[in-house]
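Owing to the predicted nature of the structure, the values given are computational and were not obtained by experimental measurement.
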Amino acid sequence: MLAAKTLVLFVLTALAEIIGCYLPYLWLKKGASPWLLLPAALSLAVFAWLLTLHPNAAGRVYAAYGGVYITVALAWLWAVDGIRPSAWDVAGVMVSLAGMGIIMFAPRGG
């Protein structure tokens, strides 16, 4: 149950970060309204708050979160940008998720 909760929390965190960065991108690169900066800032605040909900040490959480972020970013690439990830992208996701699992769920002594 802890693993599932951790993964869901990481996915929500990644989505908040990606949305918080994607909205300014739309403004800066695609000519969208500068009003997008308001929900972007809110999304980044939610991202920071979500990172605080993990019971592990902050450095460990940030390190492991990177693996999930890579996965969600490539899913975003496919779902939002319409670019299908390559086999190399998928291999990278598998490696990053393996690293995340080791960092978050390895037994710790003392």
Do the side chains of [X] and [Y] join up, straight or via other hydrophobic residues, at under 4.5 Å, putting them in one cluster?
{"X": "Leu15", "Y": "Val8", "answer": "no"}
{"X": "Leu7", "Y": "Val46", "answer": "no"}
{"X": "Leu77", "Y": "Ile70", "answer": "yes"}
{"X": "Ile19", "Y": "Leu74", "answer": "yes"}
{"X": "Val11", "Y": "Met100", "answer": "yes"}

- Query: So how far is it from Phe10 CZ to Leu50 CG, rounded to the nearest 0.5 Å?
  - Reply: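 These two atoms lie 11.0 Å from each other.
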- Message: What's the separation between atom CG in Leu12 and atom CG in Leu51, rounded to the nearest 0.5 Å?
- Response: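 Between Leu12 CG and Leu51 CG, I get 11.5 Å after rounding to 0.5 Å.
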Quick one: side chains of residues 36-45, donor-acceptor pairs under 3.5 Å with protein atoms, not counting sequence neighbours, listed by atom name and distance.
unit_1 : atom_1 : unit_2 : atom_2 : d
Ser43  : OG     : Ala16  : O      : 2.5
Ser43  : OG     : Gly20  : N      : 3.4

Scan the side chains in residues 85-97 for donor-acceptor partners under 3.5 Å anywhere in the protein, sequence neighbours excluded, and list what turns up.
unit_1 : atom_1 : unit_2 : atom_2 : d
Ser86  : OG     : Trp88  : N      : 3.2
Ser86  : OG     : Asp89  : N      : 3.1
Ser86  : OG     : Asp89  : OD2    : 3.3
Asp89  : OD2    : Ser86  : N      : 2.8
Ser96  : OG     : Gly67  : O      : 3.3
Ser96  : OG     : Gly92  : O      : 3.3
Ser96  : OG     : Val93  : O      : 2.9

- Which heavy-atom pair separates Met104 from Arg60 by the least distance, and what is that distance?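 In this case the closest contact between Met104 and Arg60 is SD-O, 4.2 Å.
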- Nearest heavy-atom neighbours spanning Val61 and His54: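 Here Val61 and His54 meet closest at CG2-CB, 3.5 Å.
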Does [X] have any side-chain contact (heavy atoms from CB on, under 4.5 Å) partners at least two apart in sequence or in another chain, and if so, which?
{"X": "Ala14", "value": "Tyr65, Tyr69, Val72"}
{"X": "Lys30", "value": "Tyr25, Leu26"}
{"X": "Leu28", "value": "none"}

- Message: Quick one, Thr6 with Phe105, criterion side chain to side chain contact (heavy atoms under 4.5 Å, CB included). Give me CA distance, side-chain angles, the key distance, then yes/no.
- Response: CA-CA 10 Å; Thr6 298; Phe105 305 119; 3.9 Å; yes
- Task: Check step by step if side chain to side chain contact (heavy atoms under 4.5 Å, CB included) holds for Leu23 and Trp27.
- Result: CA-CA 6 Å; Leu23 295 178; Trp27 169 58; over 6 Å; no
- Task: Please identify each residue that fulfils ring-ring contact (aromatic ring centres under 6.0 Å, His included) with Trp76, with sequence neighbours left out.
- Result: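 Testing Trp76 for ring-ring contact (aromatic ring centres under 6.0 Å, His included), a comparison that skips the adjacent residues, returns Tyr22.
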